[in-house]
Number of protein chains: 2
Amino acid sequence: MSERNEKFFTVDPKLVKSLRELVVEKIREGIVSGYFEEGEHLKERELSSMMGISTTPIKEAFRILENEGMLVTVPRKGTFVSEYASTSIEEILLLRASVESLCARLAAVKMNDEELQELEKLVLIMEGLHKKGDSEALLEQNSRFHQLIIDSTRNVMMQNILGNLRNIDKAFRKRALKVEVEREKGFHEHRAVFEAIKQRNPEQAEQLMKDHILRTKDNILAAEARLEGDRQS
Amino acid sequence: MSERNEKFFTVDPKLVKSLRELVVEKIREGIVSGYFEEGEHLKERELSSMMGISTTPIKEAFRILENEGMLVTVPRKGTFVSEYASTSIEEILLLRASVESLCARLAAVKMNDEELQELEKLVLIMEGLHKKGDSEALLEQNSRFHQLIIDSTRNVMMQNILGNLRNIDKAFRKRALKVEVEREKGFHEHRAVFEAIKQRNPEQAEQLMKDHILRTKDNILAAEARLEGDRQS
DNA sequence: AACTATACTCTGATATATCAGATATCATAT
DNA sequence: ATATGATATCTGATATATCAGAGTATAGTT
């Protein structure tokens with residue numbers, strides 16, 4: 001037993017999804033996809049009978065989504081789809097650039113050797129995928145790269161904020177577009193961020209991360225504009 | 001009726017506090033004040049009997065606090081005080097500087113004339129208080145100043161993030177310190193931020209706001225260090 | 001003494017019931 | 001015809017009941 005990788009045969013209880021989680025995802029999707037309109041009144045009982053469950057998990061989901069900014073609850077009135085729920089992709093990415101570059105700065109100071117090693121390993125893997133041109137797998141490792149840096153700050157608040165942003169981003173993408181392939185280009189930027197963290201250079205890490213996300217932002221917006229243009233012609 | 005200020009005699013339903021809100025505040029305080037330890041298991045039924053209410057509002061409060069990062073819920077295990085709930089004041093302020101400076105940038109673009117006028121009026125009021133040296137009142141207007149800028153972005157996500165940060169900040173302050181007087185010095189910085197927004201200069205507004213918050217951060221940390229020093233000697 | 005199986009208990013997850021504010025309807029009075 | 005009051009209904013807020021997983025203690029077997 002001792003030589004085996006013990007992590008292999010464990011189960012993470014966090015993978016269990018409660019009804020509440022399912023409801024959260026369903027409503028979030030509903031909002032982002034346009035199934036629910038801005039300002040629409042979401043009724044606990046109505047949703048509960050639609051979904052065939054009781055109101056309790058709905059209630060809890062409301063509180064989560066409210067905290068995320070997707071819903072607004074007015075006491076004794078009800079819960080409504082936030083008027084500004086459809087924050088522009090641009091602002092979401094600006095926010096991400098802002099918070100995540102701060103993470104990179106903190107990571108350059110706080111990341112321990114073990115984490116640094118893992119990050120290095122990841123960069124090597126990404127290099128391989130980059131050379132192979134396997135952008136599907138690269139994409140997945142990319143988000144692991146970002147997550148590692150975020151987690152190394154050991155700052156729950158930032159983890160939560162970025163987690164929320166990612167959720168929304170993800171929901172958006174479903175209907176939006178897949179310029180993700182673009183990100184293959186980002187490989188060199190990732191490597192640079194890693195180097196800055198390794199050198200324990202917070203300013204540089206922050207700046208590089210910011211530039212990286214802002215550049216992908218511009219690309220995403222450009223791609224979206226192009227799509228929009230195609231639709232017109 | 002027409003000449004009267006109609007806003008005067010309205011009631012904002014949002015001022016009604018539900019049990020859930022009270023529970024949120026109570027638990028947040030409990031965590032920040034150290035009444036609850038990190039990692040402590042918070043039990044719905046226990047809290048409900050302690051507080052003399054049912055478990056439903058407790059449940060909802062849990063979900064809000066979880067989303068804020070104060071609590072962690074493990075499915076089928078329970079809800080626990082986040083191990084890293086006590087994020088340092090420094091990181092909270094770094095985060096605030098980061099997000100709120102982005103708000104200032106957006107405000108310089110998105111703020112409408114009406115809001116701009118209100119901001120200008122506020123700056124004049126603040127100037128008066130500054131000259132009078134009424135730092136109590138100035139403090140209140142200061143936070144209104146920040147709030148106006150945040151709201152003008154019409155970005156719920158940022159509003160929520162900064163709302164959360166403020167809550168936590170507030171809870172911290174209770175046990176922490178009142179270097180708030182310091183902020184009287186910040187008046188000129190506020191005016192500068194306002195000018196940049198008025199000039200529709202996003203870069204400058206962002207930079208000035210960032211500098212402003214980072215400076216107050218340094219002052220707060222210095223004051224805390226001083227306090228710490230006093231305690232030692 | 002050690003191991004196992006069963007019962008008991010704790011607790012979160014979910015469902016249901018109750019209460020109270022908000023809104024709409026309608027009738028009645030002026 | 002309009003204003004006021006009574007009533008019904010919708011819905012969120014809260015309370016309570018039920019269910020099921022997880023842990024623990026206990027008793028029985030070898």
Side-chain angles (χ1 to χ4, degrees), chain A residues 1 9-27 30-31 36-37 39-83 85, chain B residues 1 9-27 30-31 36-37 39-83 85:
Chain A
M1 198 68 129
F9 221 67
T10 57
V11 170
D12 185 355
K14 280 177 189 163
L15 293 181
V16 176
K17 288 210 182 175
S18 55
L19 278 182
R20 153 179 92 239
E21 288 301 323
L22 294 176
V23 173
V24 165
E25 284 168 24
K26 209 74 188 162
I27 295 180
I31 293 174
F36 294 124
E37 290 173 32
E40 183 170 348
H41 186 179
L42 298 187
K43 294 159 194 166
E44 294 181 353
R45 297 216 228 272
E46 199 177 295
L47 287 178
S48 90
S49 73
M50 273 170 65
M51 296 179 155
I53 59 177
S54 86
T55 63
T56 313
I58 311 253
K59 256 175 151 35
E60 294 182 274
F62 276 9
R63 300 292 86 82
I64 293 170
L65 289 162
E66 191 188 354
N67 211 266
E68 283 182 16
M70 305 291 281
L71 300 179
V72 175
T73 297
V74 183
R76 309 180 183 282
K77 285 280 183 159
T79 297
F80 306 83
V81 176
S82 169
E83 294 283 345
Chain B
M1 198 70 131
F9 221 67
T10 58
V11 172
D12 185 355
K14 281 178 187 159
L15 293 180
V16 176
K17 287 212 181 174
S18 55
L19 278 181
R20 155 180 91 238
E21 286 302 323
L22 294 176
V23 173
V24 164
E25 284 168 25
K26 209 73 190 165
I27 295 180
I31 292 174
F36 294 125
E37 291 172 30
E40 183 169 349
H41 186 178
L42 298 187
K43 294 158 194 169
E44 294 180 355
R45 296 217 228 271
E46 198 176 297
L47 287 178
S48 90
S49 72
M50 273 170 64
M51 297 179 156
I53 59 177
S54 85
T55 61
T56 312
I58 310 254
K59 255 177 150 34
E60 294 182 272
F62 277 8
R63 300 291 86 82
I64 292 171
L65 289 161
E66 191 187 353
N67 210 265
E68 281 181 19
M70 305 291 280
L71 301 178
V72 175
T73 297
V74 183
R76 308 181 182 282
K77 286 281 181 160
T79 296
F80 306 83
V81 176
S82 168
E83 295 283 346

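Atom set for the values below is all heavy atoms of this structure, side chains included, hydrogens, waters and symmetry mates excluded. The chains referred to below are lettered A, B, ... by the order of the sequence lines, with proteins before strands, and numbering in each begins at 1.
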- [ ] Check B/Pro57 against B/Arg20 and note the closest heavy-atom contact, atom names and distance.
- [x] CB-N, 3.9 Å
Task: B/Lys77 vs D/dG23: side-chain N/O to OP1/OP2 distance below 4.0 Å - done: yes
- [ ] Please confirm whether the backbone N or O of A/Glu37 pairs with a side-chain atom of A/Glu40, one donor and one acceptor, at under 3.5 Å?
- [x] yes
TODO: Send over the distance from A/Arg63 CZ to D/dT14 P, rounded to a whole Å.
DONE: 10 Å
Task: Selection from C/dA13, C/dA15, D/dT14 that lies nearest to any side-chain heavy atom of B/Ser18 - done: D/dT14
Task: Protein-nucleotide distance (A/Glu60, atom CD; C/dG12, atom P), rounded to Å - done: 12 Å
Task: Closest-nucleotide 5' rank along DNA chain C - winner of B/Lys43 and B/Thr56 - done: B/Lys43
Task: Atom pair distance, as rounded to whole Å: CG in A/Leu42 and P in D/dT11 - done: 12 Å
Open item on the list: From the set D/dG23, D/dA15, C/dT14, return the single nucleotide nearest to any side-chain atom of B/Ser54.
Closed with: D/dA15
- [ ] Would you name the heavy atoms of A/Ile58 and A/Leu47 that are closest together and state the gap between them?
- [x] CD1-CB, 3.7 Å
Task: Length of the line joining A/Ile58:CD1 and C/dT16:P, which is rounded to integer Å - done: 13 Å
TODO: Measure the distance from NE2 on B/His41 to C1' on C/dC10 and round it to the nearest whole Å.
DONE: 9 Å
Task: Nucleotide C/dG12, atom P - distance to CZ of B/Phe80 in whole Å - done: 8 Å
Open item on the list: So that I can tick it off, tell me whether A/Glu66 and A/Arg63 are bridged by a salt bridge, with the cut-off set at under 4.0 angstrom between side-chain N and carboxylate O.
Closed with: yes
Open item on the list: Please report the distance, rounded to the nearest Å, between CG in A/Leu19 and C1' in D/dT18.
Closed with: 15 Å
TODO: Scan B/Thr55 against the nucleic acid and name what it touches under 4.0 Å (heavy atoms): base, sugar-phosphate only, or nothing.
DONE: base
- [ ] Answer with base, sugar-phosphate or nothing: what part of the nucleic acid does A/Leu47 contact at a heavy-atom distance below 4.0 Å?
- [x] nothing
TODO: State, without any angle test, whether A/Thr73 and A/Thr79 hold a side-chain donor-acceptor pair at a distance under 3.5 Å.
DONE: yes
- [ ] Rounded off to whole Å, could you give me the CZ-to-P distance for the A/Arg45 and C/dT18 pair?
- [x] 12 Å
Task: Closest-nucleotide ordering on DNA chain C, the 5'-leading residue of A/Arg20 and A/Arg76 - done: A/Arg20
